[in-house]
Amino acid sequence: EGKIASEHLYTFFLNMDVFPDLPLCEFGDVYEQQYAVALFNSVRFEIEGGGATQSQLLHRKDPLAGHSIFSGSLFQYLEENRKWRSRFISVPNSYAISLYESKTANERGLHPKATINCAGYKALASMEEYMELINTSLPGIKAKVGSNPFIKCPSEFPLILWHPYARHHYFCVMTEKEQKKWHAVLQDCVRHCDNGLPEDCTVQTPAFTDAVRLHRQAKGHYGTWAMMCGKPPQILANLVMETLHPELRNVIGPRLKGKMQQRQRNWMLISDAVYKQVLAQTTGQYEALAEACEVQRPKLDAMLRTDMDQMITAKEHVSSKIRALVLPKAEQLLRTSIQPYISSILEALMEPTSRGFSEVREVFFRELVEISKNSLNGGGKEKLGDHMDRLSMLAFHPVKMQSCYEKVEELNLEGLQQRFDVSDPAVFVSRAQILMREQMDNAVYTFEQLLNQSLEAKGENDMCKTIQCCQDRVLKKYDYDSSTVRKKFFREALLQIIIPYMLQQLSTSCSPVLPQFKELIFADFSRFLLVENMFEEVVLQSVSKDIMMAVKEAAVQRRHNLYRDSIILTNSDPNLHLLGENPSVDWASKFGADEPESTVDGGLIGGGGSGRRRKQVVSMIQLDGLPLPYESCLEVPGVELIPEEDVEMSEDPKSPDSVNEIRDLINPVVEMVVPVSEENQSEVTNGTEPATGTVTVEDGVQEDVTHVTTVMEEVPMKSPRDKSSPQSLLQHLMGSRKQEADKAHQEETAIKDAIGEIEIAVQEDDSERIAEVSAAESDCESSPKLPLAADTGSRGDSGFQSPTNEGLDDSEPQPMTNRLNGQDKIIDPVEVEVEI
């Protein structure tokens, strides 16, 4: 298959005149232009200052320092040999998934077998979702409904990482609990890696994002882009593949042979090989491009600070000319095609986003309630330290935050996506989830600092009251910051939806006229003042007022708990931000709490032998009764390519469906009976011991022996003289069966006779029975009817119990009497025993 992929790639590259060099060269020119513009905006903002709203909550710089996210074992499907093998996976604070041969390899600091960067991936938890994406990968190939994939999972709980260009990764676990936890962890890895552009880089990040946007617009791609994820080299690789991938598919797709599953598998291998080559080129070229721009930065910075006033004046002059041309057309477009939809778009964004932020508040509040209950119940400072240690990582616990993230995933822009060219609402979902996580961590960090300050000032007396006061202060600040963050998010989302649509509609009439405005800019300033950027700023200003008014009206109406802009919490805690310079509180050492084993990752910090272990955010999965030794590297038999449905399938062994079956297939057990003499019995003991050697099984194949388990059983053996012929054994067996039948017939006859005697006694003359009733009542309180006697609950084997026997010892069998006819008659209990 690798040979087939190489041949197809060689054919494709021969037909390509220029590989990705041309697209990257075009992007490089755009990036250098946008770098100068971004530097101009950064220096201007530094000189003039800005009125950004101050956050009420504190923000810590490196919340995951000294922590890892999760680690554990699961099965991975290997493409090389089509086998499922057990892997130990570690997720450090960089969210890059590391796969090890075993847990021991991770603890020893060995290099991982593989590392997965999850940027651009989708975490799937069902094979149906995966097949929907796979069946559209090749043109002209449509799988039948319910068709089998080219891999078969050995359990019902798969986990798949899907990428439109790179290799897919297949995992599986054995329980639903494991699947939910791993799925939440993988989703968090994707979410974090997608957010790869640092916001604190005020020059490189805006320069890169604007260059990517303008490069795509030059090719006619307006609107949001789902693959704007990862670090710059990954984004550039996705940018190249956006054009290259369809060409590759059209050239190689028709040449793929074999069954549908085989073609799909080969296509993915080819796509992954191309993506790796493209990523290798974009990585090197972007590093060279960024370094070249950074070398020129001091010179450009000096020019800007010298002539900033003149540049600002020149920009305002040119912008006014462009505004006179563009504004009438923009306002007309705004009135007819945009204003009627602003409220609908805003409502679609506000509803799920506000529910998500409310759920963040609720999850945070529940954790604080648990801490308060602990203080009321006298849990002690050690227990408090344990609770606070877990609370400090609440924002980065993907399982606990999953309910918050799910609220935002309900965001739906159906009906608006095609009109405004929104490729995927996942762009806004991911951004909202990142903001939710930041707000949760800010609230947790602020609570930690306030509680630590209060404990140092007041001591540990009245702990519950202290916690309650800190909780109220933090929740009030969270409500304010949550409103501020959401309003900013709504404005940015509306701009990302509306501005590309307006640019696409206005570019036809305005773009040809823009070059004439370049003559109004001095040559020395032309590097920092681009008419294309001024045109976009004019369009943005034309719609910004309407967007601001729409968000403001939603806040005035108190919809979704948004604060009005006039409500400003200033100096509510003048000394609070001084606490923001303090490091995070180490609650475990502060209160002397023991570090639980479940919160320690196996990997050492930095992979060295420092002896310090990372605290793990998500606890390990503990499964009761799981016989699988997850720490060892186990191999699960792979499943060959499944033929299409119209092909007759042979009766091959099915894939193992349970852990025990998988274990038995991995380590087959051969039972052998070895006689031991009486003299050597004392030397043999039960147990399992490692051993080496070979054993010949029934089919003549020699198998290696790794362990020998000894089980001693005493089996009575007859001497050769006592052995009987088959005929005598058969006669003996038939005779024993006949004796058992005769015995059963005798017992049945005795039971019938006893019942007959009872019925005769019941049918005696009524007068005699009336005369004797008083005597009978004194001796027997109940009538000898079988149902009533059964209901009284007997203590004897017969099912009948006389009141006269209550004082007798149960261990001694007593004869039963029948006094219905005024005379005692002893009845054998065996004769009246009835089995139901």
Side-chain angles (χ1 to χ4, degrees), residues 1-27 79 119-122 129-145 147 149-151 160-169 212 215-230 233-282 285 417-418 421-424 504 641 644:
E1 292 172 358
K3 182 179 179 181
I4 295 174
S6 300
E7 292 176 354
H8 286 306
L9 287 177
Y10 180 73
T11 303
F12 174 74
F13 291 142
L14 287 178
N15 296 333
M16 292 286 292
D17 295 332
V18 180
F19 192 43
D21 293 333
L22 181 58
L24 286 181
C25 291
E26 296 175 355
F27 174 82
E79 293 279 359
Y121 278 88
K122 285 185 179 180
E129 293 181 83
Y130 179 68
M131 291 307 299
E132 289 181 4
L133 296 172
I134 284 296
N135 291 336
T136 58
S137 60
L138 280 175
I141 297 180
K142 297 295 181 182
K144 299 178 181 179
V145 178
S147 60
F150 53 85
I151 62 169
I160 303 171
L161 288 174
W162 176 88
H163 195 282
Y165 311 129
R167 170 172 294 193
H168 305 166
H169 301 277
V212 171
H215 180 79
R216 295 186 72 249
Q217 289 179 3
K219 297 182 177 298
H221 301 297
Y222 290 81
T224 59
W225 186 35
M227 295 306 294
M228 187 76 175
C229 47
Q234 294 172 305
I235 297 175
L236 285 179
N238 297 335
L239 187 66
V240 173
M241 293 297 291
E242 186 179 24
T243 304
L244 186 63
H245 200 257
E247 298 178 6
L248 179 70
R249 184 172 57 183
N250 294 333
V251 172
I252 295 182
R255 303 187 182 187
L256 296 175
K257 306 299 181 183
K259 299 184 178 68
M260 179 188 64
Q261 290 88 351
Q262 184 69 39
R263 283 179 287 170
Q264 289 176 339
R265 189 171 185 273
N266 290 339
W267 166 245
M268 283 192 300
L269 294 175
I270 294 171
S271 178
D272 176 65
V274 175
Y275 183 75
K276 287 181 179 178
Q277 294 189 28
V278 172
L279 181 59
Q281 291 197 23
T282 56
Q285 294 186 19
Q417 290 183 231
Q418 293 182 351
D421 194 17
V422 180
S423 61
D424 193 348
Q504 186 176 18
L641 291 178
E644 299 185 32

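These figures come from a predicted structure and were not determined experimentally.
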Worksheet item: Closest approach of Asn238 and Tyr275, non-hydrogen atoms and distance?
Response: OD1-OH, 3.3 Å
Discussion item. Using side-chain contact (heavy atoms from CB on, under 4.5 Å), reason through His221 and Glu242 one step at a time and then give a plain yes or no.
Written reply: CA-CA 10 Å; His221 301 297; Glu242 186 179 24; 4.2 Å; yes
Item to complete: Supply the atom-to-atom distance Leu133 CG to Ile160 CD1, rounded to the nearest 0.5 angstrom.
Response: 9.5 Å
Worksheet entry | Closest non-hydrogen atom pair between Arg167 and Leu269, with its separation | NH2-CD2, 3.8 Å
Worksheet item: Can you name the closest pair of heavy atoms from Gly230 and Ala119 and give their distance?
Response: CA-CB, 3.6 Å
Worksheet item: How many angstroms lie between CD in Glu79 and NE2 in His169, if you round to the nearest 0.5 Å?
Response: 9.5 Å
Practice prompt. Of all the heavy-atom pairs spanning Thr282 and Leu279, show the shortest one and how long it is.
Written response: OG1-O, 3.0 Å
Worksheet item: Should the pair Lys122-Glu129 be classified as a salt bridge under the 4.0 Å nitrogen-to-oxygen rule?
Response: no
Worksheet entry | Verdict with reasoning, Val240 to Tyr165, per side-chain contact (heavy atoms from CB on, under 4.5 Å) | CA-CA 11 Å; Val240 173; Tyr165 311 129; over 6 Å; no
Practice prompt. Carefully, step by step, assess Met228 and Arg216 under the rule side-chain contact (heavy atoms from CB on, under 4.5 Å).
Written response: CA-CA 11 Å; Met228 187 76 175; Arg216 295 186 72 249; over 6 Å; no
Worksheet item: Could you give the distance from NZ (Lys257) to CD (Gln262), rounded to the nearest 0.5 Å?
Response: 13.5 Å
Worksheet entry | Under 3.5 Å: donor-acceptor pair, side chain of Asp272, backbone of Met268 | no
Discussion item. Nearest 0.5 Å, please: how far is CD in Glu247 from CE in Met241?
Written reply: 10.5 Å
Response to the item:
Between Ser271 and Pro164 the two heavy atoms that sit nearest each other are OG-O, 4.2 Å
Practice prompt. Would you check if the distance from the ring center of His168 to the ring center of Trp267 is below 6.0 Å?
Written response: no
Discussion item. Let me confirm one number: the CG-CD distance from Leu239 to Gln234, rounded to the nearest 0.5 Å.
Written reply: 13.5 Å
